[in-house]
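Here the structure is laid out as structure tokens; the discussion comes afterwards.
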Amino acid sequence: MSLVLHKAARLSVAPMMDWTDRHCRYLHRLLSKHTLLYTEMVTAPALVRGQARHLLRFDPAEQPVALQLGGSDPIELAEAAAMGAEEGYPEINLNCGCPSDRVQSGSFGAVLMEDAALVALCCRAMIAAQPAEVTVKCRIGVDDQDPSEVLPEFLSQIVAAGVNRVTIHARKAWLQGLSPKENRDIPPLDYDLVFEMKQLFPNLHISINGGVASLDQARELLDAGMDGVMIGRAAYHNPTDILQRADDVIYGGGAGPDPVDVVLAMRPYIEAHLADDSRGGGKLAHVTKHMLGLFAGRPGARQWRRLLSEQAHKPGAGWSVVEDALAAMEQAAA
């Protein structure tokens with residue numbers, strides 16, 4: 001494991017479909033220099049069969065950034081991982097935790113918790129095919145599995161395959177009976193089991209995920225013995241409270257910039273995006289939808305969100321919309 005990734009993995013932002021795209025990650029990197037960022041899940045078939053290499057696009061400023069892959073065919077995953085490494089990703093993460101119907105039908109995601117041997121084969125193939133570090137994100141089990149039996153066996157198999165770092169979402173996934181949204185909240189959290197895994201696998205870098213709502217909670221989990229903490233929705237909806245403070249609280253550096261300065265720093269990126277007509281780009285809302293939570297809990301935040309939500313999607317919307325939203329927020333806060 002590289003020293004940069006080892007340090008960065010103390011805190012990470014979870015891969016979230018439709019949320020952690022390249023625009024979101026660029027914004028998050030302005031708030032925190034060190035937090036490890038993840039792409040949305042990209043399926044190996046889309047890359048290998050569909051030749052959708054544009055899905056791997058990212059700005060070098062996002063580093064350290066990891067690519068998450070979905071798939072269950074070792075040969076295909078190996079080829080997709082090699083493509084990711086060629087594009088410059090230092091980490092390739094295998095998704096063994098997503099419970100969506102679409103993912104299940106492709107025999108990957110959380111359903112892979114039922115076949116640890118296959119996951120190990122996939123990891124071996126990905127490791128052999130390219131130089132980037134291969135990691136796994138998993139659940140503690142699925143459906144009627146007993147996590148205390150399934151999880152240690154799962155981890156032992158992937159460790160034997162050469163995996164040195166894993167992120168464990170401390171909930172079961174119920175593939176039958178719960179929607180993906182319900183799977184994020186309804187299955188009870190079992191942090192104790194994840195801590196037990198750290199005792200069983202002391203040399204395995206383990207990040208804990210699920211239900212972490214604040215940076216202070218993340219700090220407590222690290223102090224209690226976790227190697228890393230992954231935060232999902234809280235980091236997305238309230239990026240300033242989580243990420244702007246992360247470099248100070250988690251990494252021992254200085255705090256990130258004020259959110260107003262972050263907005264102003266986004267201007268060159270936004271204007272470059274507006275001028276990019278390739279692949280359906282060029283829409284202001286593609287970027288600003290990720291900026292709605294920058295001022296969460298602060299005076300004028302409602303005006304900021306409302307103006308961006310109402311105006312950014314309109315044809316021809318440009319940087320002036322962002323300036324107007326800032327002005328409306330400042331006026332409401334005065």
Side-chain angles (χ1 to χ4, degrees), residues 11-35 37-38 40 61-62 181 184-185 210-219 229-251 253-274 283-334:
L11 184 72
S12 56
V13 177
M16 292 176 283
M17 294 298 291
D18 300 321
W19 288 7
T20 52
D21 63 19
R22 59 193 176 94
H23 308 307
C24 174
R25 299 190 305 266
Y26 189 91
L27 172 71
H28 285 179
R29 180 58 68 220
L30 289 176
L31 287 160
S32 170
K33 295 177 183 176
H34 302 300
T35 302
L37 305 178
Y38 281 82
E40 303 170 272
E62 296 169 33
K181 182 176 186 297
R184 291 196 293 265
D185 296 303
V212 183
S214 71
L215 203 58
D216 292 337
Q217 185 184 359
R219 178 76 254 183
V229 177
M230 177 179 278
I231 304 181
R233 285 164 290 164
Y236 185 86
H237 291 304
N238 201 345
T240 300
D241 274 5
I242 302 289
L243 296 174
Q244 187 225 17
R245 297 175 53 230
D247 289 357
D248 178 25
V249 175
I250 304 298
Y251 300 100
D258 182 87
V260 171
D261 293 331
V262 169
V263 172
L264 297 177
M266 286 294 292
R267 180 172 185 170
Y269 182 88
I270 287 173
E271 290 183 336
H273 175 66
L274 293 175
K283 307 297 184 191
L284 180 64
H286 291 166
V287 182
T288 57
K289 69 178 183 179
H290 304 300
M291 300 169 65
L292 298 178
L294 273 174
F295 301 99
R298 302 188 181 201
R302 184 179 302 172
Q303 285 74 14
W304 163 261
R305 289 193 306 270
R306 180 182 59 78
L307 205 148
L308 283 185
S309 298
E310 292 176 355
Q311 301 297 325
H313 69 280
K314 293 184 176 180
W319 175 252
S320 62
V321 171
V322 181
E323 289 184 320
D324 290 346
L326 273 178
M329 180 186 70
E330 291 167 356
Q331 184 176 2

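Every value quoted in this text rests on a predicted model; they were computed, and no experiment measured them.
- Scanning all heavy atoms of the two residues, the minimum distance from V249 to R219 falls at O-NH1, 3.0 Å.
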Cut-off 3.5 Å, no hydrogens considered: what does the side-chain donor-acceptor table look like for residues 321-334, sequence neighbours left out?
from: E323; atom 1: OE2; to: W319; atom 2: NE1; distance (Å): 3.2

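- Contact record, R298 with D258: NH1-OD1, 4.2 Å, taken as the closest heavy-atom pair.
- Distance alone, capped at 3.5 Å, is enough to place a donor-acceptor pair between the Q244 side chain and the P257 backbone.
- Evaluation of the ring-ring contact (aromatic ring centres under 6.0 Å, His included) test over residues 288-312, restricted to residues two or more places apart or in two chains, returns Y236-H290, F295-W304.
- Here D18 contributes atom CG and C24 contributes atom SG; the two are 11.5 Å apart, rounded to the nearest 0.5 Å.
- The aromatic rings of H34 and Y251 are tilted relative to each other, their planes meeting at an angle between 30° and 60°.
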Working note: L27 + L294, criterion side-chain contact (heavy atoms from CB on, under 4.5 Å); need CA distance, chi angles, decisive distance, verdict.
CA-CA 10 Å; L27 172 71; L294 273 174; 4.1 Å; yes

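- Rounding to the nearest 0.5 angstrom, the gap separating the OG atom in S32 from the CD1 atom in I242 is 11.0 Å.
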Run the side-chain contact (heavy atoms from CB on, under 4.5 Å) check on Y38 and S12 step by step: do they pass?
CA-CA 8 Å; Y38 281 82; S12 56; 3.8 Å; yes

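- No side-chain donor-acceptor contact under 3.5 Å links H273 to the backbone of L284.
- Within 6.0 Å of CZ on R267 lie more than 12 heavy atoms contributed by other residues, nucleotides or ligands.
- Distance alone, capped at 3.5 Å, is enough to place a donor-acceptor pair between the D247 side chain and the K33 backbone.
- In this structure, L30 and A265 approach most closely via the heavy-atom pair CD1-CB, 4.1 Å.
- Counting heavy atoms from C-beta on, the side chains of L243 and V13 come closer than 4.5 Å.
- Here the closest heavy-atom approach between residue I231 and residue A235 is recorded as CG2-N, 3.7 Å.
- Interatomic distance, R25 CZ to H23 NE2, rounded to the nearest 0.5 Å: 9.5 Å.
- Taking all atoms of both residues into account, the shortest heavy-atom contact from L11 to A218 is CD1-CB, 4.3 Å.
- The two residues L292 and K289 have their closest heavy-atom pair at CG-O, 3.5 Å.
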Trace of the side-chain contact (heavy atoms from CB on, under 4.5 Å) decision for Y269 with M266:
CA-CA 5 Å; Y269 182 88; M266 286 294 292; 3.9 Å; yes

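- Atom-to-atom distance recorded for M230:CE and T35:OG1 is 11.5 Å, nearest 0.5 angstrom.
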